[in-house]
J.: 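Below you will find the structure I want to go over with you.
Values below: all heavy atoms of this structure, side chains included; hydrogens, waters and symmetry mates excluded.
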Amino acid sequence: ILFTYSSFGQHHIIDSLQIELKNVDKENEASVLNDLAYNYFNINEFKKCLEYSNLALEKARETKQQDQEAWALKNKAIYFVNICEAGKTDENYNKDIKIIYQAIDIAKKTNNNKQLVDFHNILYIIYFRKNDFVKQKEVLDIGLEYCTANKLNCPKLLYGFASYYTETY
């Protein structure tokens, strides 16, 4: 029953976002599409996550909103993380890594340190699932640098460190 409540709440959010999407101005459309993609991901509707990620990416590029473009790429990456789990091949992982590095490049250009930390956390998850312990540590270290240099709160990244050391020692 607990999961039903969670899913019900998520559907309510999605319904609200769908209504908002019909009335949103062009400048905020990519943001709403990204929110929809992420919320569909949260209820395991991965195809819808990808669909809305692609729409957000298109709208973000049309309106030259690099922060939203980066979030759309991140949403695509989290979609592919789950596809990689279903078919663990180097090709799938490499596709996912390429997508998240596109998002990282945009975040670097725009000096969006919060995005940089979040995206390195996603990259950590990819390397974790790929069992690439060297890259996991490298990515965690880079994320931690952004975290500490910018005095950001990074609980997911710290969880990654705990997982890394549990797996490797």
Side-chain angles (χ1 to χ4, degrees), residues 1-108 110 112 114-132 135-136 139 143 154-157 159-160 163:
I1 292 179
L2 180 62
F3 294 113
T4 307
Y5 266 134
S6 175
S7 180
F8 176 76
Q10 210 69 34
H11 285 288
H12 180 71
I13 292 168
I14 289 170
D15 291 345
S16 295
L17 288 167
Q18 290 288 3
I19 291 168
E20 185 178 349
L21 185 60
K22 291 176 184 175
N23 302 312
V24 73
D25 60 31
K26 196 170 188 113
E27 288 299 310
N28 293 309
E29 192 172 7
S31 176
V32 174
L33 289 165
N34 272 323
D35 287 345
L36 279 162
Y38 187 72
N39 280 283
Y40 276 118
F41 170 80
N42 283 335
I43 60 169
N44 299 326
E45 288 194 34
F46 300 124
K47 287 184 181 179
K48 288 252 188 209
C49 172
L50 181 61
E51 175 187 337
Y52 282 98
S53 296
N54 285 330
L55 289 170
L57 188 58
E58 180 183 316
K59 295 298 179 185
R61 287 178 175 163
E62 279 178 18
T63 55
K64 297 179 181 12
Q65 294 177 301
Q66 289 186 309
D67 62 327
Q68 292 302 319
E69 181 180 352
W71 282 121
L73 288 165
K74 185 270 305 180
N75 285 333
K76 280 183 78 163
I78 61 174
Y79 163 81
F80 282 110
V81 165
N82 284 282
I83 296 305
C84 288
E85 275 301 292
K88 296 180 182 186
T89 66
D90 280 340
E91 182 182 338
N92 284 343
Y93 284 119
N94 291 338
K95 184 176 189 174
D96 204 16
I97 290 166
K98 182 179 177 182
I99 291 168
I100 200 67
Y101 268 116
Q102 290 173 352
I104 288 170
D105 288 344
I106 293 169
K108 283 180 181 177
T110 60
N112 191 325
K114 183 180 179 345
Q115 281 186 339
L116 283 167
V117 171
D118 289 343
F119 299 163
H120 279 88
N121 187 58
I122 299 294
L123 191 55
Y124 157 77
I125 292 166
I126 296 165
Y127 285 125
F128 177 83
R129 291 187 175 177
K130 192 177 178 185
N131 292 321
D132 188 334
K135 284 291 197 180
Q136 282 179 40
V139 166
C154 308
K156 289 180 184 176
L157 197 65
Y159 175 78
S163 295

J.: Just jot down the salt bridge (charged side-chain N to carboxylate O under 4.0 Å, His left out) partners of K95, sequence neighbours excluded, or say none.
T.: none
J.: Atom CD1 in I97, atom CG in D132: separation rounded to 0.5 Å?
T.: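 That separation rounds to 7.5 Å.
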J.: To the nearest 0.5 Å, how far apart are CD in Q68 and CG in N28?
T.: 8.5 Å
J.: Only counting residues at least two apart or in another chain, list the ones meeting salt bridge (charged side-chain N to carboxylate O under 4.0 Å, His left out) with K135.
T.: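 Testing K135 for salt bridge (charged side-chain N to carboxylate O under 4.0 Å, His left out), a comparison that skips the adjacent residues, returns E138.
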J.: Are the side chains of N121 and I125 in touch, meaning some heavy atoms are under 4.5 Å apart?
T.: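 Side-chain contact under 4.5 Å: yes.
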J.: In the structure I gave you, are the side-chain heavy atoms of Y52 and D35 within less than 4.5 Å of one another anywhere?
T.: no
J.: Here's a test for you: under side chain to side chain contact (heavy atoms under 4.5 Å, CB included), which of N34, V24, L33, V32 qualifies with L17?
T.: V32
J.: Taking side chain to side chain donor-acceptor pair (under 3.5 Å) as the test, write out the residues that go with T63, two or more places apart.
T.: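 Per chain and number, T63 pairs via side chain to side chain donor-acceptor pair (under 3.5 Å) with Q65.
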J.: Please tell me if the side chains of Y40 and I14 come closer than 4.5 Å, counting only heavy atoms from C-beta onward.
T.: yes
J.: Would you mind listing every ring pair (Phe, Tyr, Trp, His ring centres under 6.0 Å) that reaches into residues 59-78, with sequence neighbours excluded?
T.: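 Only W71-F119 qualify under ring pair (Phe, Tyr, Trp, His ring centres under 6.0 Å).
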J.: Would you please name every residue forming a side chain to side chain donor-acceptor pair (under 3.5 Å) with N23, sequence neighbours left out?
T.: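 With sequence neighbours excluded, N23 shows a side chain to side chain donor-acceptor pair (under 3.5 Å) to no residue whatsoever.
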J.: Quick one: side chain to side chain donor-acceptor pair (under 3.5 Å) partners of K130, sequence neighbours excluded?
T.: N94
J.: Side chains of N42 and I13: closer than 4.5 Å at any heavy-atom pair?
T.: no
